[in-house]
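Report on one structure; see the data block that follows.
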Protein chains: 2
Amino acid sequence: MTLEDFLISYVSFSQEELNDILENFTKIEVAKNHLLIKEGQVCKNIYFIEEGMGRSYYLKKDGKEVTQWFFGEGVFMSSADSFFKQSPSYYYLEALDDSVLYSISYGKIETLLAKYHKMETFVRLLSIDMLAKVASKLNAIQFQTARERYDYMNSEFPDISYRVPLGHIASYLGMTQETLSRIRHQA
Amino acid sequence: MTLEDFLISYVSFSQEELNDILENFTKIEVAKNHLLIKEGQVCKNIYFIEEGMGRSYYLKKDGKEVTQWFFGEGVFMSSADSFFKQSPSYYYLEALDDSVLYSISYGKIETLLAKYHKMETFVRLLSIDMLAKVASKLNAIQFQTARERYDYMNSEFPDISYRVPLGHIASYLGMTQETLSRIRHQA
DNA sequence: GCTTTCATTTGACCTATGTCAAAAAGTGAT
DNA sequence: ATCACTTTTTGACATAGGTCAAATGAAAGC
């Protein structure tokens with residue numbers, strides 16, 4: 001899905017508006033394992049993934065990585081809270097593959113939000129969608145067995161689950177790598 | 001906190017705008033245990049809690065209630081996804097005390113969103129805030145012990161935790177009532 | 001094709017928390 | 001005050017999933 005299609009799927013922008021909006025994005029290519037933002041930094045850009053994939057993660061006190069979210073093709077990747085409030089991020093943002101991204105800065109988004117009422121609507125709808133997804137993951141994590149969580153993951157991110165290291169998925173699902181490995185082999 | 005103060009704290013509405021916006025809300029009083037919405041219904045209104053408190057919950061297949069969120073004084077209570085997308089709600093919404101609420105319908109919100117660019121901004125910021133809170137709960141639930149989750153709850157909802165039945169809190173925290181009871185008594 | 005390094009699997013054991021059941025403590029109505 | 005009902009506490013026991021450690025497998029450089 002292209003960025004243009006993505007925008008249209010939420011709000012009926014005119015072609016003129018779309019052109020103006022799209023001009024504010026910069027196409028960038030990043031290599032696998034590139035860190036787009038680190039913990040503690042303010043997230044200055046938000047990225048639309050045209051090709052590739054990414055994840056957000058944080059470090060526990062013991063230093064272990066915990067994957068917080070996966071981002072597939074055709075979605076926006078960000079530390080949403082950090083970006084929209086321009087506050088320090090709790091998360092790292094990492095490319096999990098060589099990726100093609102469309103980046104836009106906070107300043108430019110602000111300008112677009114001020115200029116186009118529809119842009120506000122777009123971001124609002126996007127936020128509500130993310131909220132629903134995070135809430136749904138929370139419900140899955142909270143009261144399901146390791147096995148059920150794994151199945152949930154496969155339905156939510158069917159393309160991602162077999163493309164990234166086991167440990168990333170395990171921490172995303174709130175279980176150890178060993179447990180996930182055992183579940184997979186008794187599938 | 002009044003609704004007016006709440007609105008101003010997010011966006012600098014003019015007094016005129018505020019008056020217009022506030023006119024669209026209806027003050028209602030509901031008794032303890034009143035259900036504002038049931039699972040499967042489309043959430044037609046969103047409620048600002050001036051006095052009282054509420055929660056959202058859902059039923060597991062085995063019929064047990066799981067508290068999904070608590071709403072204290074001075075916040076909006078809703079099944080956000082259901083309200084903003086006018087889709088069936090996964091959750092019940094219940095008053096946990098006799099409460100004074102300011103209610104607004106989806107139709108009226110839509111009108112205000114279309115009329116005031118600032119209103120879109122307000123809802124966007126509100127959504128991002130909720131997103132951050134849900135994400136933070138998710139992190140707490142996912143990798144903390146029962147004891148740590150209880151402490152997290154006390155910092156997040158200090159006023160609520162001792163005002164509602166134990167079972168509501170336990171399910172909110174993803175543990176059994178018995179476990180929560182034991183934790184409390186070894187505090 | 002080896003060697004080194006990193007990722008996954010397997011095994012043995014342990015612990016936090018769940019389950020089930022009963023007792024105790026609150027709460028409200030008559 | 002007493003009875004009926006609900007909520008909380010306590011106890012005994014079970015188990016999913018964690019921890020630690022070693023073995024296997026896969027990938028990358030030489």
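Bear in mind that the values here come from a model prediction, so they are computed numbers and not experimental data. Reminder, nothing fancy here: chain letters follow the sequence lines and each chain counts from 1. All values below were derived from every heavy atom in this structure, side-chain atoms included, with hydrogens, water molecules and symmetry-related copies excluded.
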Inset, instruction - Rounded to the nearest angstrom, tell me the gap between atom NZ in B:Lys32 and atom C1' in C:dT27. - result: 10 Å
Legend entry - Whole-Å distance separating the CG atom of A:Leu180 from the P atom of C:dT8: 9 Å
Inset, instruction - Would you mind reading off the distance between B:Phe143 atom CZ and C:dA16 atom P, rounded to a whole angstrom? - result: 17 Å
Legend entry - Ion pair B:Glu94/B:Lys32, N-O distance below 4.0 Å: no
Legend entry - Interatomic distance, A:His185 NE2 vs C:dG11 C1' [rounded to whole Å]: 15 Å
Inset, instruction - Could you check how far CZ of A:Arg182 sits from P of C:dT9, rounded to whole Å? - result: 11 Å
Legend entry - Any A:Val66 side-chain heavy atom under 4.5 Å of A:Leu59 side chain: no
Inset, instruction - Return yes if a side-chain donor-acceptor contact under 3.5 Å exists between B:Tyr92 and B:Arg55, otherwise no. - result: no
Legend entry - Integer-rounded Å distance: C:dA16 C1' and B:Leu173 CG: 16 Å
Legend entry - Distance-only polar pair, side chains of B:Asn19 and B:Gln15, donor-acceptor under 3.5 Å: yes
Legend entry - All ring-ring contact (aromatic ring centres under 6.0 Å, His included) counterparts of B:Tyr90, not counting sequence neighbours: none
Inset, instruction - Find the distance A:Gln142:CD to C:dG18:P and express it as a whole number of Å. - result: 11 Å
Inset, instruction - Let me know which of A:Lys118, A:Lys115, A:Lys108 forms a salt bridge (charged side-chain N to carboxylate O under 4.0 Å, His left out) with A:Asp20. - result: A:Lys115
Legend entry - Minimum-distance pair of heavy atoms, taken over all atoms of A:Tyr172 and A:Ile141: O-CD1, 4.0 Å
Inset, instruction - Side chain of A:Leu166 only, please: which of C:dT9, C:dG11, C:dT19 is the nearest? - result: C:dT9
Legend entry - Test: A:Lys85 cationic atom under 6.0 Å from A:Tyr106 six-membered ring centre, within 45° of axis: no
Inset, instruction - Give the intermediate values and the outcome of ring-ring contact (aromatic ring centres under 6.0 Å, His included) for residues A:Phe6 and A:Phe76. - result: CA-CA 10 Å; A:Phe6 188 79; A:Phe76 272 100; 5.6 Å; yes
Inset, instruction - Walk along DNA chain D from 5' to 3' and tell me the first and last nucleotide with an atom closer than 4.0 Å to a non-hydrogen atom of chain B. - result: D:dT8 to D:dA12
Legend entry - Angle of first-five versus last-five pair axes in the helix from C:dG1-D:dC30 to C:dT30-D:dA1, to 10 degrees: 50°
Legend entry - For atom CD of A:Gln186 and atom P of C:dG11, their distance in whole Å: 13 Å
